[in-house]
2 protein chains.
Amino acid sequence: MSDIPLLPNHQSGPKKLTPEQENQQLKKIIRELGLKVTQQRMDILRIVKAGDRHFTAQDIFEAVSETNTSIGFATVYRFLKALSAKAFVTEVRMGGMPARYEWSSQEHHDHLTCTVCGKVVEFENDEIEKLQEEVAKSLGFVLTDHILELFGVCSSSHCQKVYKSAPES
Amino acid sequence: MSDIPLLPNHQSGPKKLTPEQENQQLKKIIRELGLKVTQQRMDILRIVKAGDRHFTAQDIFEAVSETNTSIGFATVYRFLKALSAKAFVTEVRMGGMPARYEWSSQEHHDHLTCTVCGKVVEFENDEIEKLQEEVAKSLGFVLTDHILELFGVCSSSHCQKVYKSAPES
DNA sequence: ATGAACTTGAGAATCATTATCAAAATAATT
DNA sequence: AATTATTTTGATAATGATTCTCAAGTTCAT
């Protein structure tokens, strides 16, 4: 069950790995968490790593379910929690919506969300990061994490129109 | 029921108002929302305005319940939603915790939270604000709102100790 | 292979929030 | 002040995401 490519090959990755090499990588991560290697954890991890954007627990549940593995929500949540406890994934919860997760090895970035169409654009800004450090230090804190979410209206004519026609609600 | 000071007088406010003047102010706000003036809404509004920090819906429910007014959760949530729809209060939801609300007339500020003891420190930083505007503009967005939450460990010896003894979880 | 320890998943439980709807309150009109 | 159309309330049920429970299944060191 390891010679069938269950997921498309993302050629954008920095390194090309054989399926076996990838599996070793995944196992290593699981063991770093002090957990046993199971099929479910392998599958979750594969999907989280392969994706290049944001997932909900639901997304991951469905993606794993499409493979041969049966899985429960509890398992997804449990493992995602373990991953984010060790900062392998970033968990962002906002606005009463389901939590979004993403693999955190890639460059850190923040989000700019269009409040009309829901489009999410990522950005990074070193100056902002630096200022955050300074603020925390000036208040006697050691900064360990941050969430910066910008909200606005994107440039699409549809969203601009909606925005201008309902400026105060 | 208007001559008993139900809440401590916050002398830091920009203007001193008689109870009657305050009531007129509150009524005006409720009418601006296109809603009828009710005792419950007056009470909620009074508490939200009087407080200078963050409230949960639960806090507000309890505070109103301490007055003579009986109130239900639904009413609290409904009215807070109406207030935040017109930007009279700011609603912040994060990390699966209950939403926090605050009156938004005051200076804008962001939050720095100690992940050990839960202490919240407010700050404002014009430079960061300016950079946010620039980022949004450069991506073609009109910025309408943002959430910046910093997380760290505060300077108390207890929190520092906890932090250093468990550096990787 | 064996067994101790860890995992799983189905479903129950929880928690914040929202919806429902009959009864009560408001405000505009006599 | 009484009437009435409309809005609001609050008790309770419903929802939706997440977490808990625990018997049954799996992993892995021996």
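Residue numbering restarts at 1 for every chain, and letters A, B, ... go by the order of the sequence lines. Computed from a prediction, not measured in an experiment: that's the story for all the values here.
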When clusters are formed from ILVMFWY side-chain contacts under 4.5 Å, directly or step by step, what else is grouped with B/Leu150?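 When side chains under 4.5 Å apart are linked, the cluster holding B/Leu150 also contains A/Leu112, A/Val121, A/Phe123, A/Ile128, A/Leu131, A/Val135, A/Leu139, A/Phe141, A/Leu143, A/Leu148, A/Leu150, B/Leu112, B/Val121, B/Phe123, B/Ile128, B/Leu131, B/Val135, B/Leu139, B/Phe141, B/Leu143, B/Leu148.
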For the residue pair B/His109 and B/His54, does the interplanar ring angle fall in the parallel (under 30°), tilted (30 to 60°) or perpendicular (over 60°) class?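 Ring orientation of B/His109 relative to B/His54: perpendicular.
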For the CD atom on A/Glu127, are there more than 12 heavy atoms of other groups (residues, nucleotides or ligands in this structure) within a distance under 6.0 Å?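 Open.
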Within the structure shown, what part of the strands sits under 4.0 Å from A/Ser70 by heavy-atom distance: base, sugar-phosphate, or nothing?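 Sugar-phosphate: the residue A/Ser70, judged by heavy atoms under 4.0 Å, touches backbone atoms but no base.
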Ignoring hydrogens and angles, state whether a donor on the side chain of A/Gln21 or A/Gln25 is under 3.5 Å from an acceptor on the partner side chain.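 No, no side-chain donor-acceptor pair sits under 3.5 Å.
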Verify whether one side chain among A/Gln24 and A/Glu20 offers a donor that lies under 3.5 Å from an acceptor in the other.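 Present: a donor and an acceptor within the cut-off.
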In the 5'-to-3' direction, what one-character label does each nucleotide of nucleotides 18-30 of chain D receive under the scheme B = base within less than 4.0 Å of a protein heavy atom, S = sugar-phosphate only, - = no such atom? SBBB-----BS--
Which is it for A/Glu149 and A/Val92 under the side chain to side chain contact (heavy atoms under 4.5 Å, CB included) test, yes or no, and what are the steps along the way? CA-CA 10 Å; A/Glu149 299 278 332; A/Val92 180; 3.8 Å; yes
Can a salt bridge be assigned to the pair B/Arg93 and B/Glu91 using a cut-off of 4.0 Å between side-chain N and carboxylate O?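 Yes, B/Arg93 and B/Glu91 are salt-bridged.
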Could you check B/Thr38, B/Ile60, B/Ile30 and say which one makes a side-chain contact (heavy atoms from CB on, under 4.5 Å) with B/Ile44?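 The single option meeting the side-chain contact (heavy atoms from CB on, under 4.5 Å) with B/Ile44 is B/Ile60.
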For A/Asp59 and D/dA17, give me the distance from atom CG to atom P, rounded to whole Å.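 Rounded to whole Å, this separation is 11 Å.
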Using a heavy-atom cut-off of 4.0 Å to chain B, what are the terminal contacting nucleotides of DNA chain C, in 5' to 3' order?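 The protein-touched segment is C/dA16 to C/dA27.
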